[in-house]
Amino acid sequence: MKYEVVIGLETHVELNTKSKIFCSCGGHSEAKEPNDCVCPACSGMPGMLPVMNKRVVELAVTAGLMLNCEISRYTTFDKKNYYYPDLPCAYQITQLNHPICTNGLVHLKTSEGERDVRIKQIHMEEDAGKLVHVGKASLVDFNRTSVPLIEIVTQPDFRSAEEVLVYLNKLKTMFRSGGISECEEGAMRCDVNISVRPEGSEEFGVRTEIKNMASFEAIEKAIRYEAQRHMDALEFETEELVQETRRFDDVSGKTFAMRNKETEADYRYFPDANLMPIIIDDEWLEQIKAAKPVEIDEKADAYREAGISEKEIDMLIHNHNVSKLLDDVVAQGCDAKNAAGWILTDCVGILRKNGKLLTDLEISVEDLTAIIKMVDSGDVNRMSGRKILTAVLEEGVDPVAYCKENGLDAKVDTSVIESIMDRVFAENAQAIADYKSGKVKAKQALFGACMKELKNTADTAVIKEVLEKKLMDI
Amino acid sequence: MMKNYVVKLAENGNIAVDDTILVKGAQSAAGSRILEGFEPLFSAEAVDRLEKAGYTVAGKTHVGEFGLDLVGEFSYYSEKSEDGEAPLKGAAAEAVAGGEVKAALGVDMNGATRRAAALSGVDFLKPTYGTVSRYGIISCAASGEQLGVYAPSVEGIKEVMDVIAGHDAKDGTSLREEKYTYATDEAVAGKKVCIIKELLEKADEDVAARVNAYADKLRAAGVTVEEISLPIFDIANTTWQILMTAETCNNVSRYDGVKYGHRAAEYKNIDELYVNTRTEGFNFLTKAVILYGSDVLSKNRYEDCYGKSLKVRRVIADEFAKLMETYDAVLTPVCSKSAYTAYEIDKAFQTVFEESVFTAVANLIGVPALVSGGVQLLGKAFSESVLLSIAGSAERAGE
Ligand SMILES: [Zn+2]
């Protein structure tokens, strides 16, 4: 018999905010020591109250817009009760009754064809901390508590592991380019609901849920294993399928049932009276829509049109901050292709020399624009421009002041260049002789000697012009 | 005079702070063993504002564990009275009545502060929900608890309220208004006050006589006082007990022995750490509240209990608002009798539940309640000045 696999997904994504969801603690990802990034609120001390981080709402709404969801104008938080030492209040603040986004749709293209996957809802919630086991002791680290997450719940619309991976990759690309999440390893976690039924059947089979997988590889393996287990059970009656929660074991590549105690808990959800309902009015929604980055496909097309290479487009699409820098510099009047070169060739080169990556790039729109414009206008030459850029990136200097202090100004009087050129010609008789005998390369030596005299400043076009003119005279 | 204080902080202090409210560096334990030794890193916003305005905290006054009892009789830290027959009193109210301090702060969650004020003969204002920051109160029932003020007179209440009321960004339920001002001397002649028949019938003769005498004082000041029937107070009480026990059960669940406060000496694993710590740390009344609260939140009971209570809360709020279209204030007893005597803790849940019929509505729907002269005045939201002025006229008539 032929079978159809039916899959639904719950994906937790860590939001890219400066501070946690209900307190002002920031920088948990850079925290070096356990509990570096905690305050009385996120460590569950009495008397402290949660205060909503507005940015979380905005990012969740942006994610909803990207996934074509309806945005709730009235959204509330609920408490989910359970005891675990990594949960300092013994409840997690999440959304049950009025999630922020509902009824979305994602279009997928796979090797097997196309499919629309419906999004049931997106809700906001806080993450828990973690336990560290040292010998016989267990220690708690609250750095991660109250880190903002969104959970994206799909309808059971996937029919293969491939579709799931295409979906997850699409989320990842979209969220990274949109500045919603870095989607780094572990920052995206999935619960997979899976059932199998005879092809053509309308009824769903027995459903199992595989919890908390952090890598795409594990998700794919788990789906393949679990689907096969269901099919074997149906085809060969190897076992009786029961609705249950399972976990995936990386080492054996198999799934195992979790103890009932962990799965049949009554979480006693109820509204959180400390957080007032959030009203998203027209004005706020319009602001969020206006700030929403254009869809990645549209964005890539625009870059292509500007003549930016496919390789560069790929780098830009995956680095929200970098593409924003480029867009901002272009908005200041720089040419897109040229500016992309400055960022993706020059900046990357300088960063690499310092053992850094593109993601480490830190330069203001003003500074980069200033450098590009100095070069474009011929005020400094390309080489000096790169020198200034290096100083800006490495030492954080002011580009204009640096240019002046180091005499990089290209505005050297033509007569000065001519007199230097006279000297170069007098001192390089051999090169001139070579040139005359047809060795064109000798021209480069003369140009270089002149540039050296000028300490690499000056407009190279002017130097070339003077050189050509003098060569014609000899 | 040490007996009113869990922790004495300053000999020359002029304001007492209930143990349910955080004072930086001083043990703040809400009368419970579970928080033994807990010293907060921050003071409550109201305490901060008072200190900035020049007040000095005299000390932390005893409260019953999490403010769940009648007036403070079940505190882990109180010295037990040698004479079991001595009437029950509240520590902060006594500190104010005895002139030890000018005023005191307390958390009104289930009426204990108001009952204590009535029994000690001082004033207490539970202000409108959201007007005073709840930042730094050891929270139990977030949707209805409110920080309030004890003082010898309405002027004393006004003085403190002028300092502490107003928006606080650290409390998500704090209202936007930056500042509130309070009056105690608005004209009261022509105001209308009602007495609720159903509540008067729940009080003994002494208390009923006190309410009627108070009504006569108001009449003398030109206030119209009439008795009416409005059978919403029992329902309001039951509804609040459901919400209050559920929220308290949830809020005290963080006291697990892992992070701070009491931790059981004996445990073999995390489950035992939780169970033993909480068995030792909570008193019988708190345990009863936890059990009721977790029951009304359980999956198969939620819709009938908690869900329905949320709806009833809205209906009661509407009913009360309708009443306030006709009247400026409601005059009620605060306690069923003029004095309580010691009783066993296994009776506490039922005892407090019955007594809360007078106080619960104000917690349920967030309206202000003022205790003065041993009686209570309820008003609509933000009508504190009306209540203070009505009580003020009675206080001045008494002088
Ligand atoms: Zn924090």
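Reminder, nothing fancy here: chain letters follow the sequence lines and each chain counts from 1.
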Peer 1: Assess the pair A:Y269 and A:Y91: is the distance between their ring centroids shorter than 6.0 Å?
Peer 2: no
Peer 1: What part of A:N81 gets closer than 4.5 Å to chain B, counting heavy atoms only: side chain, backbone, both or neither?
Peer 2: side chain
Peer 1: For B:L273, is it the side chain, the backbone, both, or neither that has a heavy atom closer than 4.5 Å to a heavy atom of chain A?
Peer 2: neither
Peer 1: Indicate whether the side chain of B:N110 and that of B:N363 have a donor and an acceptor atom separated by less than 3.5 Å.
Peer 2: no
Peer 1: Which bit of B:I137 is near chain A, if near means a heavy-atom gap under 4.5 Å: side chain, backbone, both or neither?
Peer 2: backbone
Peer 1: Are any side-chain N or O atoms of A:S72 and backbone N or O atoms of A:Y74, one a donor and one an acceptor, separated by less than 3.5 Å?
Peer 2: no
Peer 1: So which part of B:S294 gets closer than 4.5 Å to some heavy atom of chain A, the side chain, the backbone, both or neither?
Peer 2: both
Peer 1: With A:K289 as the cation and A:W284 as the aromatic partner, state whether NZ or CZ is under 6.0 Å from the six-membered ring centre and within 45° of the axis.
Peer 2: no
Peer 1: In terms of heavy-atom pairs under 4.5 Å with chain A, which of B:P40, B:S253, B:A142 leads?
Peer 2: B:S253
Peer 1: Please flag which part of B:A169 lies under 4.5 Å from any non-hydrogen atom of chain A: side chain, backbone, both or neither.
Peer 2: backbone
Peer 1: In terms of heavy-atom proximity below 4.5 Å to chain B, should A:S24 be classed as side chain, backbone, both, or neither?
Peer 2: neither
Peer 1: Under the side chain to side chain contact (heavy atoms under 4.5 Å, CB included) criterion, do A:R207 and A:I194 qualify, and how do the steps go?
Peer 2: CA-CA 5 Å; A:R207 189 189 69 212; A:I194 183 165; over 6 Å; no
Peer 1: Heavy-atom distances under 4.5 Å only: say whether A:P85 touches chain B with side chain, backbone, both or neither.
Peer 2: both
Peer 1: Chain A heavy atoms under 4.5 Å from B:Y306: which part of the residue, side chain, backbone, both or neither?
Peer 2: side chain
Peer 1: Do A:T75 and A:Q95 have a side chain donor and acceptor closer than 3.5 Å?
Peer 2: yes
Peer 1: Name the member of A:D272, A:L87, A:N274 that forms the most heavy-atom pairs with chain B at distances under 4.5 Å.
Peer 2: A:N274
Peer 1: Which of the residues B:V258, B:I21, B:V252, B:N251 is involved in the greatest number of heavy-atom pairs with chain A at under 4.5 angstrom?
Peer 2: B:N251
Peer 1: Does a donor on one side chain sit under 3.5 Å from an acceptor on the other, for A:H28 and A:E14?
Peer 2: yes
Peer 1: Establish, from distance only, whether the side-chain atoms of B:S143 and B:E247 form a donor-acceptor pair under 3.5 Å.
Peer 2: yes
Peer 1: Which residue, B:D168, B:D48, B:T173, forms the side-chain hydrogen bond (donor to acceptor under 3.5 Å, both in side chains) with B:S133?
Peer 2: B:D168
Peer 1: Could you tell me which of A:P88, A:P271, A:C23, A:P50 has the largest number of non-hydrogen atom pairs under 4.5 Å with chain B?
Peer 2: A:P88
Peer 1: Looking at A:A41, A:G47, A:S43, A:P40, which makes the most heavy-atom pairs under 4.5 Å with chain B?
Peer 2: A:G47
Peer 1: Under 4.5 Å heavy-atom distance to chain A, tell me which part of B:K259 shows up: side chain, backbone, both or neither.
Peer 2: side chain
Peer 1: Decide yes or no on ring pair (Phe, Tyr, Trp, His ring centres under 6.0 Å) for B:F66 and B:Y255, but give the supporting numbers first.
Peer 2: CA-CA 12 Å; B:F66 296 108; B:Y255 308 131; 5.8 Å; yes
Peer 1: Which atoms of B:R134 come close to chain A, meaning under 4.5 Å heavy atom to heavy atom: side chain ones, backbone ones, both, or neither?
Peer 2: both
Peer 1: Which atoms of A:M45 are under 4.5 Å from chain B, going by heavy atoms: the side chain, the backbone, both sets, or neither?
Peer 2: both
